[in-house]
Undergrad: 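Structure below; questions to follow.
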Amino acid sequence: MPELPEVETVKRGLAPVMEGARISHVELRRKNLRFPFPENFDETLKGQKITSLGRRAKYLLVDLENDVTVIMHLGMSGSFRIEVDDNSQIPGVFHHDRSKISAHDHVIIHLDHPKGRARIIYNDPRRFGFMDLTARSQLEEHSFFKNLGVEPVGNALSSQLLAQLFTNKAAPIKAALLDQRLIAGLGNIYVCEALHQAGISPIRKAGSLVGKAGQPLKQLMPLADIIRDVIRKAIEAGGSSLRDHRQADGNLGYFQHQFKVYDREDEACSKPGCGGTISRIVQSGRSSFYCPKCQK
DNA sequence: AAGGGAGCCTGGCGGC
DNA sequence: TGCCGCCAGGCTCCCT
């Protein structure tokens with residue numbers, strides 16, 4: 001499920017149960033996801049109090065009181081669900097029907113929260129997700145993080161920065177925006193949506209939006225604000241729920257209803273007065289949806 | 001050296 | 001109904 005807004009939504013859903021809770025034990029139902037779990041994964045978590053949850057790009061971060069951070073990535077199909085005991089009174093967490101543990105439930109984190117017991121279950125059919133451990137102080141040096149670009153929400157992302165990142169880039173802007181070393185957290189959906197709003201074709205070479213003096217060309221100017229806006233609105237909507245994929249609290253995100261181009265091949269472009277038709281093309285192995293009439 | 005493609009996995013869907 | 005091929009929100013490695 002996870003681009004940045006979905007991971008942020010997961011974090012917010014898990015926080016009321018996990019923050020301040022103690023991990024009584026961890027069940028690993030297999031020895032690897034995309035990568036093997038670290039040797040000492042379950043022992044390191046066992047007995048630890050969770051001090052806070054965080055997020056960097058599409059990574060979920062779980063801080064423990066022993067200054068270890070658990071790094072979690074949901075890949076393409078990872079999700080969490082929360083199950084609480086009947087008598088639990090954990091604020092902001094509602095009781096959901098206890099479901100059976102299924103074949104793709106790979107990790108179960110058992111929690112003692114001051115207001116009741118709970119368990120956090122990680123499910124991932126395709127197993128592109130992964131988990132790792134790091135000392136909190138070493139996080140930025142970790143191989144997952146050391147080459148990550150700026151967060152797309154927040155002031156670091158500006159048209160000036162985009163111009164700088166795109167200078168002399170021959171790659172299509174679609175690929176540049178998906179490159180986590182430039183901007184960290186964007187994925188296929190939100191890149192398609194942002195480019196449509198900005199009226200920029202995904203095929204356009206990134207470097208062609210930058211002037212000779214390295215300044216953002218007029219067409220590039222609004223893109224930074226548009227990206228920020230798309231991501232913020234998606235977070236507000238609780239992310240996007242494709243194929244009924246649920247958030248950790250059991251709710252569905254609803255941003256998918258606001259898609260203007262993603263998965264809308266052959267539909268009319270929604271831009272007022274455009275009259276174009278949404279196309280699907282493949283760029284570096286991934287679908288790009290765009291309107292050839294108003295995206296240049 | 002940057003950019004494109006294959007590979008990692010499983011499940012769901014549409015077409016025949 | 002059944003089978004087959006295609007597609008999927010990510011990321012890394014390898015080849016050119």
Side-chain angles (χ1 to χ4, degrees), chain A residues 1-11 29-36 55-60 71-80 102-106 122-132 142-149 152 165-195 202-208 227 230-231 234-235 237-248 252-266 280-289:
Chain A
M1 44 153 32
E3 294 185 39
L4 187 157
E6 289 73 35
V7 178
E8 180 64 26
T9 301
V10 166
K11 187 197 104 176
R29 303 188 67 248
R30 52 179 303 130
K31 61 184 190 321
N32 67 305
L33 294 171
R34 173 163 187 172
F35 311 117
R55 179 194 59 73
R56 171 79 170 101
K58 301 173 193 173
Y59 293 86
L60 181 67
I71 303 168
M72 300 177 168
H73 195 292
L74 303 166
M76 292 280 265
S77 59
S79 65
F80 287 94
S102 76
H104 297 307
D105 291 335
H106 304 307
Y122 179 71
N123 181 284
D124 189 353
R126 293 176 72 181
R127 301 200 305 277
F128 288 170
F130 48 90
M131 298 187 185
D132 200 5
H142 192 287
S143 59
F144 296 152
F145 296 93
K146 65 180 179 203
N147 294 318
L148 281 185
L165 296 173
F166 292 169
T167 297
N168 294 329
K169 264 218 171 291
I173 187 166
K174 170 81 186 305
L177 291 175
L178 284 174
D179 186 341
Q180 304 294 298
R181 296 168 301 181
L182 306 184
I183 304 171
L186 298 182
N188 205 29
I189 292 178
Y190 298 109
V191 167
C192 289
E193 294 299 315
L195 286 175
I203 303 166
R204 183 89 180 255
K205 291 193 188 316
S208 75
I227 289 170
V230 167
I231 297 296
I235 292 171
S240 301
S241 298
L242 272 58
R243 295 170 282 281
D244 273 1
H245 203 112
R246 280 170 193 278
Q247 306 299 346
L252 292 168
Y254 50 90
F255 191 78
Q256 66 280 10
H257 303 300
Q258 298 180 48
F259 292 168
K260 299 288 196 291
V261 287
Y262 185 81
D263 207 20
R264 291 192 180 279
E265 186 181 17
D266 294 335
R280 173 182 172 275
I281 59 170
V282 175
Q283 293 180 282
S284 37
R286 325 228 14 217
S287 288
S288 292
F289 297 91

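A note on names: the letters A, B, ... follow the listed sequences, proteins ahead of strands, and every chain is numbered from 1.
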Undergrad: What stems involve DNA chain C, if each pair must be Watson-Crick or G-U and both of its distances must be under 3.5 Å, with 3 or more such pairs in a row?
TA: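 Stem list for DNA chain C: B:2-8 with C:10-16, B:10-16 with C:2-8.
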Undergrad: Tell me every residue that passes side-chain hydrogen bond (donor to acceptor under 3.5 Å, both in side chains) with S287(A), counting only those two or more places apart in sequence or in another chain.
TA: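 side-chain hydrogen bond (donor to acceptor under 3.5 Å, both in side chains) check on S287(A) returns R280(A).
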Undergrad: Any side-chain heavy atom of S240(A) within less than 4.5 Å of one from H245(A)?
TA: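 Not in contact.
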Undergrad: Among all residues two or more places apart in sequence or in another chain, which pass the salt bridge (Lys or Arg N to Asp or Glu O under 4.0 Å) test with D263(A)?
TA: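 Expected list: none.
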Undergrad: Enumerate the protein-to-nucleotides 5-8 of chain C contacts in which both atoms are nitrogen or oxygen and the separation is below 3.5 Å.
TA:
{"residue": "dA8(C)", "atom": "OP1", "partner": "S287(A)", "partner atom": "OG", "Å": "2.4"}
{"residue": "dA8(C)", "atom": "N3", "partner": "R126(A)", "partner atom": "NH1", "Å": "3.1"}

Undergrad: In chain order, what residues pass the side-chain hydrogen bond (donor to acceptor under 3.5 Å, both in side chains) check against R126(A), with sequence neighbours excluded?
TA: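 Per chain and number, R126(A) pairs via side-chain hydrogen bond (donor to acceptor under 3.5 Å, both in side chains) with no residue.
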Undergrad: For the ring pair F145(A) and Y59(A), is the centre-to-centre distance below 6.0 Å?
TA: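 Yes; Y59(A) has its ring centre under 6.0 Å from that of F145(A).
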Undergrad: Expressed as a whole number of angstroms, how long is the span from K146(A):NZ to dC11(C):C1'?
TA: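 Rounded to whole Å, this separation is 16 Å.
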Undergrad: For Q283(A), answer base if it contacts any base atom (sugar-phosphate contacts may also be present), sugar-phosphate if it contacts only those atoms, and nothing otherwise; contact means non-hydrogen atoms under 4.0 Å.
TA: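 Nothing, no heavy atom under 4.0 Å.
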Undergrad: Just to be sure I understand the rule, does A175(A) reach a base, reach only the sugar-phosphate, or reach nothing, if contact means heavy atoms closer than 4.0 Å?
TA: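 Contact class for A175(A): none.
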Undergrad: In whole angstrom, what separates I183(A)'s CD1 from dG10(C)'s P?
TA: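 That distance rounds to 14 Å.
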Undergrad: For P202(A), which residues count as a side chain to side chain contact (heavy atoms under 4.5 Å, CB included) partner, sequence neighbours excluded?
TA: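 With sequence neighbours excluded, P202(A) shows a side chain to side chain contact (heavy atoms under 4.5 Å, CB included) to K174(A), L195(A), Q283(A), S288(A), Y290(A), Q295(A), given in chain and number order.
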Undergrad: Does some side-chain heavy atom of R264(A) sit less than 4.5 Å from a side-chain heavy atom of F259(A)?
TA: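 With C-beta onward as the side chain, the pair touches.
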Undergrad: Could you check how far CG of D179(A) sits from P of dC11(C), rounded to whole Å?
TA: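 D179(A) atom CG is separated from dC11(C) atom P by 11 Å.
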Undergrad: What is the distance, to the nearest angstrom, from the NZ atom on K58(A) to the C1' atom on dG9(C)?
TA: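 Atom-to-atom, K58(A) to dG9(C), this comes out as 8 Å.
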Undergrad: When rounded to the nearest 0.5 angstrom, what distance separates CD1 in I71(A) from CG in L60(A)?
TA: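 It comes to 10.5 Å.
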Undergrad: For A176(A), give me all partners under side chain to side chain contact (heavy atoms under 4.5 Å, CB included), at least two apart in sequence or on another chain.
TA: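 Here the qualifying residues are F166(A), K169(A), L182(A), A206(A).
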Undergrad: Tell me the interatomic distance from R181(A), atom CZ, to dC11(C), atom C1', rounded to whole angstroms.
TA: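 Result: 11 Å.
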Undergrad: Between Y262(A) and F255(A), is the ring centre distance below 6.0 Å?
TA: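 No.
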Undergrad: Does a sphere of radius 6.0 Å around CZ in R181(A) hold more than 12 heavy atoms from other residues, nucleotides or ligands, not counting ones at 6.0 Å or beyond?
TA: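 No.
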Undergrad: Sequence neighbours excluded, which residues qualify as side chain to side chain contact (heavy atoms under 4.5 Å, CB included) partners of R34(A)?
TA: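 Expected list: F130(A).
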Undergrad: Using atom P of each nucleotide, how far apart are dA6(B) and dC6(C) to the nearest Å?
TA: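 The same atom, P, in both gives a distance of 13 Å.
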Undergrad: Taking dC11(C) as the reference, what is the distance to dG12(B) when you measure between their C1' atoms (whole Å, please)?
TA: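 Approximately 23 Å lies between the C1' atom of dG12(B) and that of dC11(C).
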Undergrad: How far does the P atom of dG11(B) sit from the matching atom of dT12(C), given to the nearest Å?
TA: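 These two P atoms come out 24 Å apart once rounded.
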Undergrad: What is the distance from CD of E193(A) to P of dG9(C), rounded to the nearest Å?
TA: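 The distance from CD of E193(A) to P of dG9(C) comes to 12 Å, rounded to the nearest Å.
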Undergrad: What residues form a side-chain hydrogen bond (donor to acceptor under 3.5 Å, both in side chains) with Q180(A), not counting sequence neighbours?
TA: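 Testing Q180(A) for side-chain hydrogen bond (donor to acceptor under 3.5 Å, both in side chains), a comparison that skips the adjacent residues, returns none.
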Undergrad: Residues two or more places apart in sequence or in another chain: which of them pass side chain to side chain contact (heavy atoms under 4.5 Å, CB included) with R30(A)?
TA: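 Partners of R30(A) under the side chain to side chain contact (heavy atoms under 4.5 Å, CB included) test: N32(A), H106(A), R127(A).
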Undergrad: For DNA chain B, note the earliest and the latest nucleotide, 5' to 3', having some atom under 4.0 Å of a heavy atom belonging to chain A.
TA: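 Both ends considered, the range comes out as dG3(B) to dG11(B).
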Undergrad: Dump every N/O contact between nucleotides 12-15 of chain C and the protein below 3.5 Å, one line per pair.
TA:
{"residue": "dT12(C)", "atom": "O4'", "partner": "R34(A)", "partner atom": "NH2", "Å": "3.4"}

Undergrad: Hey, is the side chain of H245(A) poking within less than 4.0 Å of OP1 or OP2 on dG9(C), counting only N and O atoms?
TA: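 The answer is no; no side-chain N or O of H245(A) sits under 4.0 Å from OP1 or OP2.
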